[in-house]
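Convention: sequence-line order gives letters A, B, ...; per-chain numbering from 1. In this text the structure is predicted, and so the values were computed from the model without any measurement.
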Amino acid sequence: MSDFFELVNVDKSFGEHHVVKDVCISAKCGEVFSLLGPSGCGKTTILRIAGGFETPDSGSVWLDGKDVTALSPNKRKVNTVFQNYALFPHMTIWDNVAFGPRIAGMKEAEVKKQVGEMLEIVRMSAHADKRPDQISGGQKQRVAIVRALINYPKLLLLDEPLAALDLKLRQYMLLELDRIHDVFGTTFIYVTHDQNEAMSLSDHIAVMNDGRIEQVGTPAEIYENPATKFVASFIGDTNLFDATVSGIIDSEYMRVDIAGLGEFCAFNEHKFPAGSKITLSIRPERFRIFADKPSPMDRQNFIKGKIIDIIYQGAQTRYWVEVNGMRINVLQQHNRCYLDQKQPTWNDEIWIAWHRDDVTTLPKTRD
Amino acid sequence: MNPADTTAKPSSLTHAPSPIGRGKFCEVSLTLPSLLWLLFFFAVPAAMVFAIAFKTADSSGGIGSSWTLETIVEVFNFNYARIMWRTVWVSFAVTAICLLLAVPVGYWISRQDKKYKNWLLLLVVIPLWTNFLIRIFAWRLLLHPDGIIRTALVSIGIIPEDVFLLNNMTAVIIVSVYTHLSFAILPIYAASERFDFSLLEAARDLGAGRFRAFCLIYLPGIKRGIITAFLIVFIPALGSYAIPDLVGGIDCELLGNKIAFRAMANRNLPEAAAISVVLACMIAIPFIAFVFGGGRKRADGGARAETEAISRQ
């Protein structure tokens, strides 16, 4: 089954603000599809369009083969988990979860059975008679999710569902969300600004910036092979260099001239011709640090630099290395005997090396 | 004093249980002025009215020296019962119409852009800047048989020729609704302002239509505002006498008119006091039952908001 949920050329403006620009996305049945982007990039508006709370200025919304663009929220088999949970404060947890089935006219005996099962799934049965202001944020979150899922929607929309929780709870709820998704198998559209959340949950991620989709792909594709400069810098850390293709070595590799650093070898994925202006992205963890000039290694580039800052992070150490006035971010995983070995320190002259395949090349079109 | 004492002192100050005693003193001294005010200008006069209801009247219009139950029994005769019933249903009708108008208005104002809200609220309050009696007289002109409203309605055929708008119950209800509407809108607007409108979207998302979402989520959400508006309209409406006096006709007399008549024209203060006591009990008894019966179930400040509303009367 493909393209279970689709937005086709969706455009939306609020007054002067053009918030969604010609967006096309499609999600498969049963997958977790994330919209990832900084705040104000239009991802929440897309979610509201999917939920029926906003009508697009142009374009259409398709769900399970039907055009639902003009359907109001209560007519769509779509439910939303709101960012602030939006639990009804004057109702008990039980009545909150029972709201959807009761509105749908389900018999009270059946409602009772289903609500009981739902609360059991998220381990909230003991709190059924409490009111929303008597339970914690994580519990509210779980109630909000089953209150939506009890209607067996074709699509569940989650708007930054973990943003209001603290770090530990967020990590726990991520596992919990994953489990709930496994139990129900519903298609999730997940909006977040947190790349870790998106990475851990999603089958596909659409990275958004300024109302546009920058790239759609699996978490690995987006991290390993960013399509634009924005994606490269938004997902994880990276070092970006402006460069010119100075020569083609063979069908796979090219020589690039990085302004201020010199000439290096890089994989020419997009088959740039000589003379192209491009941007290079090298992830910090791809560098290796050597105290002395390494003997020429197979397919490695290396350059001399000076350590100007060290941030010890427990599992790893981040170094800022200065090369000809440029600051390069280098991340080294610690090995077994971190304390026994002599570690590089401030102002050390060191060499950093990277493999020619570790360079991602981006055309210099958009920032 | 040895050094150990000086170090011990600050910690004993911060951890001492004494703040409880001091807090109580603060609380009492802060509340005392309003308590005294309530005592001298509410409790004492109310007790006096209550006492006068059981006194005999003297022929010169003063209060006699002996005690009697006769006046209070007199209040329960058939004639008064009729007026009492009329007072209650008119007050309920006025309150119901006020709420029906105030809920949509309060909702609408709270949904407007910040820029316009204060102007809209100003429009709600502006009528209160003019004297109440003058506004009622203005209504006399408007509702007059040759007034603009009736002639207009008759000419477009909405009301027949023989229907009059002044000096009858319709006039009393129209003018009462007009006088109390601002007071109903304000608490409902205030509650609506605090209402989280994303809850309405959540209800729509879960399958409720606009009207059901409004009834099941919005109305319970502004419940306190509605209760406050109810009390703020209903209680003064029960005691109103100027409006039926000025725009009502025969058979429009309410309990308030009776009290005014007994106190001013008749100079029978015990009888006026007796009607007042009965009226006060009519309000207070269901009320106390509501606050202590219904209020106990609620852990939150529901009952508190209601008592706040009473104390504003």
Side-chain angles (χ1 to χ4, degrees), chain A residues 15 44 47-48 50-54 71-92 95-106 111 115 118 129-134 140 143-153 155-160, chain B residues 99 103 106-107 110-116 187-188 190-230 290-291 294-306 309:
Chain A
T44 297
L47 202 73
R48 291 175 61 81
F53 297 110
E54 306 285 353
L71 282 187
S72 61
N74 49 326
K75 303 267 166 61
R76 297 186 186 195
K77 287 294 283 173
V78 173
N79 286 112
T80 310
V81 175
F82 293 86
Q83 188 173 359
N84 61 355
Y85 319 129
L87 297 180
F88 305 129
H90 62 285
M91 295 184 188
T92 60
D95 289 332
N96 263 283
V97 178
F99 189 87
R102 279 177 182 160
I103 288 285
M106 192 185 278
V111 171
V115 174
M118 285 292 163
D129 294 329
K130 290 186 179 166
R131 282 175 198 273
D133 58 1
Q134 293 169 309
K140 281 183 201 170
V143 174
I145 290 168
V146 285
R147 184 181 69 171
L149 283 174
I150 196 170
N151 307 294
Y152 289 96
L155 196 64
L156 185 72
L157 310 173
L158 300 108
D159 186 7
E160 303 258 7
Chain B
L99 289 180
V103 168
Y107 173 93
S110 70
R111 295 303 274 160
Q112 297 310 302
D113 197 292
K114 266 209 181 78
K115 282 183 285 194
Y116 308 118
I188 285 174
S192 186
E193 188 70 5
R194 282 193 303 265
F195 181 76
D196 175 6
F197 282 93
S198 69
L199 294 177
L200 284 184
E201 285 194 345
R204 302 259 291 136
D205 186 76
L206 293 169
R210 278 177 200 284
F211 183 69
R212 271 174 113 177
F214 185 86
C215 295
L216 292 173
I217 305 301
Y218 177 73
L219 290 183
I222 59 156
K223 188 180 72 184
R224 285 188 198 178
I226 294 178
I227 291 173
T228 309
F230 177 88
F290 177 76
V291 170
R296 200 172 295 157
K297 274 182 248 152
R298 267 164 295 170
D300 64 352
R304 201 187 57 221
E306 286 139 28

Is a side-chain donor-acceptor pair under 3.5 Å present for Thr80(A) with Asp205(B)? yes
With sequence neighbours left out, write down each residue that passes ring pair (Phe, Tyr, Trp, His ring centres under 6.0 Å) with Phe230(B), or none if nothing qualifies. Phe234(B)
Contact check, side chains of Pro89(A) and Asp133(A), non-hydrogen atoms, under 4.5 Å: no
Against chain A, label Arg212(B) side chain, backbone, both or neither, depending on which of its atoms sit under 4.5 Å from a heavy atom there. side chain
Contact part of Arg102(A) toward chain B, heavy-atom cut-off under 4.5 Å: side chain, backbone, both or neither? backbone
Atom group of Val81(A) that falls short of 4.5 Å from chain B, counting heavy atoms: neither
For Asn151(A), is it the side chain, the backbone, both or neither that has a heavy atom under 4.5 Å from a heavy atom of chain B? side chain
Hey, which of Ala213(B), Gly209(B), Pro220(B), Ala208(B) has the most heavy atom pairs under 4.5 Å with chain A? Ala208(B)
Non-neighbouring partners of Phe214(B) that pass ring pair (Phe, Tyr, Trp, His ring centres under 6.0 Å), sequence neighbours left out: Tyr107(B), Tyr218(B)
Do the rings of Phe88(A) and His90(A) sit parallel, tilted or perpendicular, given the 30° and 60° boundaries? tilted
Contacting moiety of Leu157(A), where chain B heavy atoms sit under 4.5 Å: neither
